[in-house]
**Student:** 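First the structure, which I've put down as structure tokens, then a few questions once you've had a look.
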Amino acid sequence: MSALENAVGLSKEQVIEKIKASGLQEYGLCRETLTRRFENALKECREEEKEPGVVAALNNADTSGVLLEILRSEPEKVMEGISIAAYAVGADKKVLHIPEYEAQLSETVKPAAEKYGIEVVTGLVNIRDSKGCVLLHLVTAAQLAEVFLDTYEKGIYVSVNGGTLQKAACSTKISDLADMREAKAIQAGYRYYLPEQGEMTVEEARIDNGVLNILTEKECVVCETEKQLAASRKQSCGKCVFCREGLLQLHHMQKEITEGRGKMEFIDLTKEIGEAMTISTPCTMGQESSKTALLAVELFEEEYKSHIKKKNCPAGVCSSFVNIYINPSACEGCGECADVCPKDCIEGKPKYIHMIDDFDCDKCGKCIDACDAGAIIRTTGKVPKLPNRLTKVGKFKKH
């Protein structure tokens with residue numbers, strides 16, 4: 001028998017008792033027992049004089065979509081979990097939200113959803129409109145089905161550095177899953193941690209979106225934070241002023257810093273806006289995105305200061321602080337660099353020392369890979385004296 005058949009063969013009271021006995025918790029950011037979540041939703045229904053419903057989704061703040069693999073691989077299990085929750089609270093309304101960046105997945109799972117009378121919606125969950133509904137994480141729905149198949153085992157789903165999604169026991173340490181030897185920072189869920197915190201368990205780390213990345217000295221925390229905030233801005237519905245404007249300002253400051261226009265006051269302003277957003281925005285989009293920025297400036301303030309004060313990206317990632325030049329003593333005038341330059345910003349001809357136009361160069365580095373002579377240098381330091389006109393190979397002299 002299927003999970004749903006096993007559930008509807010019981011009374012609603014028996015279903016609730018079985019869920020309670022399993023200890024199943026909501027997988028999303030609001031960690032509470034699922035039965036308590038049912039109780040709160042039904043209480044809200046009475047207060048709002050609304051009919052109960054079940055709304056399943058990822059956290060609104062989840063821009064990675066890593067956990068959608070569970071829906072992609074076992075759609076029937078997720079649909080049955082949603083239906084079991086609806087049966088338990090006496091709801092007719094059943095809705096599945098899928099992020100806009102995975103619109104194609106919406107079409108893929110619609111046949112399975114229709115089989116269970118579930119409406120598939122593309123976009124974020126409107127928290128205000130969903131009052132009185134049981135908000136169910138997609139993972140919770142799958143785990144709820146497992147409860148009624150008697151296969152449920154508590155665990156945390158993790159993708160390490162973009163690898164295959166795996167289920168780890170809650171007691172598993174981060175250091176057991178990832179190589180920490182060259183770690184500069186741990187990116188777990190929406191939070192940053194220091195390398196010494198690698199002894200935390202995956203449950204303690206709150207890897208709510210399945211993402212576990214280990215950043216080394218070759219990666220820039222400021223740049224990674226800018227990327228995350230850019231993704232959050234793109235996904236945000238923009239309906240809440242505090243979230244919309246807060247994300248705009250947080251992202252703008254990170255971008256300015258990576259582009260060499262940062263100011264010291266940006267650090268304190270990031271803390272001020274971030275702290276306000278965690279308590280003033282209604283959904284996880286504002287609450288969790290702000291924590292990403294907050295922890296970045298709190299734990300890695302020196303890296304921010306290096307960008308702002310010294311105009312230097314310690315990781316050599318932010319292109320505004322990187323210079324690429326052709327060493328005139330090593331250039332053989334082969335022209336391979338000019339052939340691969342996507343911006344057409346390398347001047348030269350056979351047997352002449354080539355030159356890079358800094359104004360157009362976007363620091364992509366393709367020329368470096370193409371140069372067999374190793375004449376093209378990437379540096380965050382001072383650039384030596386270079387030719388200002390075409391000069392034959394071996395004829396350039398420094399004065």
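Keep in mind that the numbers below use all heavy atoms, side chains included, and drop hydrogens, waters and symmetry copies. Computed from a prediction, not measured in an experiment: that's the story for all the values here.
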**Student:** For a quick check under 3.5 Å, do S289 and Q228 share a side-chain donor-acceptor pair by atom type?
**Tutor:** no
**Student:** Are Y87 and L24 in one and the same hydrophobic cluster, where Ile, Leu, Val, Met, Phe, Trp and Tyr link if side-chain heavy atoms are under 4.5 Å apart?
**Tutor:** yes
**Student:** With the side chain counted from C-beta on, respond yes when K263 and E256 share a heavy-atom pair under 4.5 Å apart, and no when they do not.
**Tutor:** no
**Student:** Looking only at side-chain N and O atoms, does E199 offer a donor or acceptor that is under 3.5 Å from a partner on S175?
**Tutor:** yes
**Student:** Should L215 and V158 be regarded as members of a common hydrophobic cluster, given that ILVMFWY residues are connected when their side-chain heavy atoms come within less than 4.5 Å of each other, either directly or indirectly?
**Tutor:** no
**Student:** Between Y304 and E298, do the side chains contain a donor N or O and an acceptor N or O under 3.5 Å apart?
**Tutor:** no
**Student:** Determine, stepwise, if the pair Y116 / E76 fulfils side chain to side chain contact (heavy atoms under 4.5 Å, CB included).
**Tutor:** CA-CA 9 Å; Y116 294 91; E76 291 273 343; 2.6 Å; yes
**Student:** L71 vs M79, test: side chain to side chain contact (heavy atoms under 4.5 Å, CB included). Steps then yes/no.
**Tutor:** CA-CA 9 Å; L71 174 62; M79 304 306 170; 4.1 Å; yes
**Student:** Please tell me whether L34 and L10 are part of a single hydrophobic cluster in this structure, the criterion being side-chain heavy atoms less than 4.5 Å apart.
**Tutor:** yes
**Student:** Are E80 and K77 close enough, and set up right, to give a salt bridge (Lys or Arg N to Asp or Glu O under 4.0 Å), and what steps lead you there?
**Tutor:** CA-CA 5 Å; E80 289 203 336; K77 183 185 285 188; over 6 Å; no
**Student:** Between K115 and S83, does a side chain to side chain contact (heavy atoms under 4.5 Å, CB included) hold up when you go through it step by step?
**Tutor:** CA-CA 11 Å; K115 177 180 172 182; S83 300; over 6 Å; no
**Student:** NZ of K366: more than 12 outside heavy atoms within 6.0 angstrom?
**Tutor:** no
**Student:** Using a 4.5 Å cut-off on heavy atoms from C-beta on, say whether the side chain of P328 contacts that of L386.
**Tutor:** yes
**Student:** So with a 6.0 Å cut-off around CD of E49, is the heavy-atom count from everything else above 12?
**Tutor:** no
**Student:** Between T140 and E26, do the side chains contain a donor N or O and an acceptor N or O under 3.5 Å apart?
**Tutor:** yes
**Student:** Is it the case that E219 and T216 place a side-chain donor and acceptor less than 3.5 Å from each other?
**Tutor:** yes
**Student:** When the ring planes of F321 and H307 are compared, do they come out parallel, tilted or perpendicular, using 30° and 60° as the limits?
**Tutor:** perpendicular
**Student:** Do K50 and D129 sit within salt-bridge range, that is, some charged N less than 4.0 Å from a carboxylate O?
**Tutor:** no
**Student:** State whether the number of non-hydrogen atoms from other residues, nucleotides or ligands found under 6.0 Å of K343 atom NZ is greater than 12.
**Tutor:** no
**Student:** Grouping I, L, V, M, F, W and Y whenever their side-chain heavy atoms are under 4.5 Å apart, do I70 and L138 come out in a common cluster?
**Tutor:** yes
**Student:** Should the pair K305-E301 be classified as a salt bridge under the 4.0 Å nitrogen-to-oxygen rule?
**Tutor:** yes
**Student:** Below 4.0 angstrom, N of the basic side chain to O of the carboxylate: do K131 and E47 qualify?
**Tutor:** no
**Student:** Scan side-chain atoms only and decide if E347 and H354 contain a donor-acceptor pair under the 3.5 Å cut-off.
**Tutor:** no
**Student:** State whether the number of non-hydrogen atoms from other residues, nucleotides or ligands found under 6.0 Å of E182 atom CD is greater than 12.
**Tutor:** no
**Student:** For atom NZ of K93, decide whether the heavy atoms of other residues, nucleotides or ligands shown that lie under 6.0 angstrom number more than 12.
**Tutor:** no
**Student:** Any side-chain heavy atom of T292 within less than 4.5 Å of one from E224?
**Tutor:** no
**Student:** Linking I/L/V/M/F/W/Y whenever any side-chain heavy atoms sit under 4.5 Å apart, do I353 and I376 land together?
**Tutor:** no
